[in-house]
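A short worksheet on the structure shown next.
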Amino acid sequence: MNLPQLKNLEGLISIEVFSDKGSNTKPYTNEIFDSSFCWRDIAWLKSITNLPILIKGILTREDATKAMEVGAAGIIVSNHGGRQLDYTPATISVLEEVVQAVGRKVPVLLDGGIRRGTDVFKALALGAQAVLVGRPVIYGLAAKGEAGVRKVMHMLKDELELTMALAGCPTLKDISRSHVRTDRDRLQSLL
Ligand SMILES: Cc1cc2nc3c(=O)[nH]c(=O)nc-3n(C[C@H](O)[C@H](O)[C@H](O)COP(=O)(O)O)c2cc1C
């Protein structure tokens with residue numbers, strides 16, 4: 001049976017084969033994730049730190065509401081880069097639903113799928129306060145180390161500024177909902 005060899009985590013994660021039946025995924029995930037972890041544990045986390053706790057992985061208005069109920073200081077709309085489960089929604093497609101559920105009580109950040117400045121612009125227009133960037137930064141690091149990461153960040157910044165200029169937005173505050181059109185807007189315009 002072939003299992004991933006996680007070199008960076010050598011000694012920390014067992015890649016022992018537990019059975020010759022099945023894919024070994026269950027014992028592997030049972031070992032690296034605590035399946036008893038639940039919403040109530042946020043209260044415990046809050047009790048041991050003064051740091052703000054932002055909850056990542058929110059994709060629905062229901063989970064956004066729960067996250068606020070347990071006292072999250074912020075919400076990260078994320079499908080973990082779409083690497084965990086096929087057919088999870090694109091984060092940009094559920095952002096507005098979450099933003100509306102949160103109603104400006106805590107910041108909403110968008111994670112996943114940010115590849116160009118126009119993606120940042122769209123997320124801000126749909127109500128995100130900021131975006132998080134994963135793989136582009138890693139690609140820059142792999143290609144050219146620190147300079148590669150800088151290059152990626154500068155590209156995103158330059159593209160965002162160009163988009164803002166072309167959309168007539170001198171400041172971030174000028175980016176508004178009316179600057180983007182979603183599938184739902186298109187459907188509503190047909191009614
Ligand atoms: C190699 C790799 C490892 C990751 N590991 C984790 C992880 O352990 N926990 C987690 O919440 N997200 C993890 N992520 C997801 C990122 O934190 C982030 O949500 C995702 O990369 C954002 O999407 P993007 O890459 O399209 O920007 C990982 C992503 C990559 C590419």
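All ligand and atom numbering here is 1-based and tracks the order in the structure.
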Can Ile55 and Ile76 be said to form a side-chain contact (heavy atoms from CB on, under 4.5 Å), step by step?
CA-CA 6 Å; Ile55 299 186; Ile76 304 177; over 6 Å; no
Applying the side chain to side chain contact (heavy atoms under 4.5 Å, CB included) test to Asn79, which of Val94, Ile58, Thr88 qualifies?
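It is Thr88, the one option of Val94, Ile58, Thr88 that forms the side chain to side chain contact (heavy atoms under 4.5 Å, CB included) with Asn79.
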In plain terms, say whether Arg184 and Glu96 are close enough for a salt bridge, that is, a side-chain N and a carboxylate O under 4.0 Å apart.
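No salt bridge links Arg184 with Glu96.
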Glu146 to Leu141 - nearest heavy-atom pair and separation:
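So the minimum-distance heavy-atom pair works out to N-CD1, 4.4 Å.
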If you take all heavy atoms of Arg135 and Arg83, which pair is closest and at what distance?
NH1-CG, 3.9 Å
Report each N/O pair between ligand 1 and the protein that falls under 3.5 Å, naming both atoms.
residue: ligand 1; atom: 11 (O); partner: Lys56; partner atom: NZ; Å: 2.9
residue: ligand 1; atom: 11 (O); partner: His80; partner atom: ND1; Å: 3.4
residue: ligand 1; atom: 12 (N); partner: Lys56; partner atom: NZ; Å: 2.9
residue: ligand 1; atom: 17 (O); partner: Lys56; partner atom: NZ; Å: 2.8
residue: ligand 1; atom: 19 (O); partner: Lys56; partner atom: NZ; Å: 3.0
residue: ligand 1; atom: 19 (O); partner: Asp111; partner atom: OD1; Å: 3.4
residue: ligand 1; atom: 19 (O); partner: Asp111; partner atom: OD2; Å: 2.5
residue: ligand 1; atom: 25 (O); partner: Arg135; partner atom: N; Å: 2.8
residue: ligand 1; atom: 25 (O); partner: Arg135; partner atom: NE; Å: 2.7
residue: ligand 1; atom: 25 (O); partner: Arg135; partner atom: NH2; Å: 3.3
residue: ligand 1; atom: 26 (O); partner: Gly113; partner atom: N; Å: 2.9
residue: ligand 1; atom: 26 (O); partner: Arg115; partner atom: NH1; Å: 3.1
residue: ligand 1; atom: 26 (O); partner: Arg115; partner atom: NH2; Å: 2.8
residue: ligand 1; atom: 26 (O); partner: Arg135; partner atom: NH2; Å: 3.0
residue: ligand 1; atom: 27 (O); partner: Gly134; partner atom: N; Å: 2.8

In one Ile/Leu/Val/Met/Phe/Trp/Tyr side-chain cluster, 4.5 Å: Leu126, Val108
yes
